[in-house]
Trainee: 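One structure follows; several queries about it will come next.
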Amino acid sequence: MGEETMKSVEILLIEDNPGDADLAMDALEHGKLKNNLHVVTNGEAAMDFLRRNAPYEKVPRPDIILLDLNLPKKDGREVLAEIKEDPSLKRIPVVVLTTSEAEEDVLNTYSLHANCYLTKPLHVQQFFKMVQSIENFWLSIVVLPPKGDD
Amino acid sequence: MKSMNKQKTIGGVIGLSILIGMLFWVVDGLIDYYKFQDYLRFLIFKGPESILDTMLLNVPGLDLFQRIVFFVTCLISGLLVARFLWKHLESAEALKANEVRYRRLHETMRDAFVQMDMGGRITDFNSAFQQMLSYPQGCLSEMTMTDLTPPKWHSHDLSIVSDQILAEGKSEVYEKEFIRCDGTVFPVELRLFLIRDDNGAPISMWAIVRDITQRKKVEAERERALNALKRSNEDLQQFAYVASHDLQEPLRMVSSYTFLLSERYGELLDGKAKKYIDYAVEGAVRMQTLIQDLLAYSRVDTRGVEFTSVDLNKVFGYAVENLRTLINETQATVTADALPYVTGDETQLVAVFQNLIHNGIKFRGESPPRIHVSAGEENGQWVVEVRDNGIGIDRKYKEKIFIIFQRLHARNEYSGTGIGLALCKRIVERHGGRIWFDSSVGQGTTFFVALLPAENPEGVKREALAAAYSGEL
């Protein structure tokens, strides 16, 4: 157990709003676990990052992905579909963190095999609590899939 | 008429008897040819009264018995022929009377009538039909029903004939179109009947036709209006959702970062700066609540469910549960009498009860709030009363308080966006009901909500047509 707790968790945040990205970063910095937060701001960059295309040749494989649905260039829903169809990527937990509370979005997202769906709360304190809950649950309680063949 | 007939008949009987008698006489006379010549001479010189004599007494070879038989036979034959004629005359009279009546009906009736043979060729029609089709006199007699019908209806017509008319002797009322003389096409509604001959074979059909252009227009109008209403409602819902969604994004940024500013950099800020930030945060948070409220308001119709039978006691229970914390904090007493079943949407009715009870608690006076809910029947509706012992409302505001976002107090006096009662009013009106209040300042307030009773306790579903037709959008 010792070595694993010293190792940083690699988090990929796919979010186009810099304000929201900063909030998430702020929340994670104040969290308990050591983590490296990588941020990309559109869907195409997200896929490049995950597939280690240029300029992302040397990035680590994320342990968890936080995904916003409304993204420019390639929409978050497409990104989700691609991740879950790709055998080398589909085991990575995808936590959808978005502003939309539309029922169609929730249904669609789970149909595309997202691991869970979260709606960003209005008040910043609740948002912090939510990010910390994500951290607690997904990165502390949950056993993540081993980083096997990638 | 009848007595004239009788006279005719009696005359006929006698005349015929005589005729037949004379026939016998002639025939007999012919056998004795030469005797005929004598009789003729006798007739000419002796006159008609002797014919009877001659016939009865001088016919050669006949004795008295034969003469009587002969006479009776003539009488009976005469009677039979007369009866036959009489019946024939009678039915001819009746037929003529019927014909006159029929013709009169035919010509004066406003519905168009047309008769055709089994090939669809027009054999008869009334003036209403002619006017409807606006063909000049004489034209229609040469046409077939097919000539008058646009091609797209031809196969439908044929199937009506085979499936309904030939099978059952008549058709159901059905709609199609006709072409007028000037080429204009118009919608009609018609029904056909089959006429069979004595052997049961179909010989002709007739139809009553109605021009339904007007009705179709009205129906189309109504359809358009309903669709426009539906579209408008959907647009409103869509707009409300998108607006709220897109407005929330920048609002979250404003409220989040002003909050973080005061939180993380509080020590660097003086009292005034902190106050400025507080105003900004408060403004942003308030706007977020306003948007949420507006969304809830817009969803009353589009997210409302079909009506069922709702137990208001349960509704009361849910509302009180939701307000449990507030009730405990303010030491409020909230009670209710036995409440009836109404027709409605349970969730929305809970919102109404909750709002009204909440207001009763919020706008309290010096003493702990006491709220009581009861219901009474009035003109076939249930009127629910929510009475409180609060600060009361000046009657001059009886319209204003139901207007969205209208408040009667400053923000620091009482919280709230001013949507509660507007929301109640919208929900109640969707239910086909009414909401009003009675109050005076310092004397507490009673809110009244009129609702439709449930159709039966088992629950009957009802569309909220009431809302659509009351002009609510």
Side-chain angles (χ1 to χ4, degrees), chain A residues 13-31 37 39-43 66-73 75-77 95-109 117-135, chain B residues 233-266 268-269 274 277-299 301-305 347 415-417 419:
Chain A
L13 172 63
I14 310 174
E15 168 68 68
D16 66 321
N17 181 349
D20 270 324
D22 277 358
L23 282 178
M25 207 178 318
D26 196 297
L28 288 167
E29 271 171 19
H30 287 77
L37 180 66
V39 182
V40 292
T41 58
N42 68 68
L66 301 176
L67 173 65
D68 183 10
L69 288 179
N70 298 314
L71 299 171
K73 287 203 188 158
D75 186 57
R77 299 157 187 88
V95 172
V96 168
L97 182 61
T98 187
T99 48
S100 165
E101 19 170 34
E103 214 175 276
E104 317 84 79
D105 278 334
V106 179
L107 231 56
N108 201 26
T109 305
Y117 188 104
L118 294 165
T119 311
K120 292 178 193 167
L122 291 178
H123 300 293
V124 65
Q125 286 161 305
Q126 288 169 343
F127 182 70
F128 280 3
K129 280 209 188 98
M130 181 183 275
V131 174
Q132 267 145 31
S133 301
I134 295 172
E135 217 188 352
Chain B
N233 261 348
E234 281 167 6
D235 283 350
L236 182 71
Q237 164 71 351
Q238 175 77 341
F239 172 75
Y241 174 75
V242 168
S244 75
H245 184 260
D246 292 351
L247 287 170
Q248 302 273 18
E249 182 78 30
L251 261 180
R252 270 182 54 246
M253 294 294 105
V254 169
S255 71
S256 303
Y257 282 102
T258 45
F259 176 81
L260 280 178
L261 258 180
S262 74
E263 190 101 320
R264 303 285 161 79
Y265 299 94
L268 298 179
L269 300 169
K274 285 217 186 100
I277 290 182
D278 281 345
Y279 283 145
V281 172
E282 194 200 301
V285 168
R286 195 160 20 98
M287 181 140 180
Q288 281 172 336
T289 319
L290 277 171
I291 291 177
Q292 298 286 48
D293 284 347
L294 204 58
L295 250 184
Y297 186 81
S298 79
R299 280 181 180 152
D301 281 318
T302 49
R303 286 251 183 117
V305 299
T347 315
S415 64
T417 53
I419 199 172

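Chain identifiers are assigned alphabetically (A, B, ...) following the order of the sequence lines, protein sequences preceding nucleic acid strands; residue numbering begins at 1 within each chain.
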Trainee: In Å and rounded to the nearest 0.5 Å, what is the CG to CD distance from A/D26 to B/E263?
Mentor: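 Answer rounded to 0.5 Å: 10.0 Å.
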Trainee: Is chain B contacted by the side chain of A/D20, its backbone, both, or neither, given a heavy-atom distance below 4.5 Å?
Mentor: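 A/D20 touches chain B through backbone and side-chain heavy atoms alike.
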Trainee: Side chain, backbone, both or neither: which part of A/D22 has a non-hydrogen atom closer than 4.5 Å to chain B?
Mentor: both
Trainee: Check whether any side-chain heavy atom of A/T99 lies under 4.5 Å from a side-chain heavy atom of B/Q248, and answer yes or no.
Mentor: no
Trainee: So which heavy atom on A/V124 is nearest to which on B/F259, and how close?
Mentor: CG1-CD2, 3.1 Å
Trainee: Give, as side chain, backbone, both or neither, the part of B/L251 having an atom under 4.5 angstrom from any heavy atom of chain A.
Mentor: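 Contact with chain A involves no heavy atom of B/L251 at all.
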Trainee: Hey, what do you get for CG (A/L122) to CD (B/Q292), rounding to the nearest 0.5 Å?
Mentor: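 Those atoms lie 5.0 Å apart.
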Trainee: Report, as yes or no, whether the 6.0 Å neighbourhood of atom NZ on B/K274 holds more than 12 heavy atoms from other residues, nucleotides or ligands.
Mentor: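 Atom NZ in B/K274 is crowded, with more than 12 foreign heavy atoms closer than 6.0 Å.
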Trainee: Rounded to the nearest 0.5 Å, how far does CZ of B/R252 lie from CG of A/L23?
Mentor: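 A/L23 CG to B/R252 CZ: 7.0 Å, rounded to 0.5 Å.
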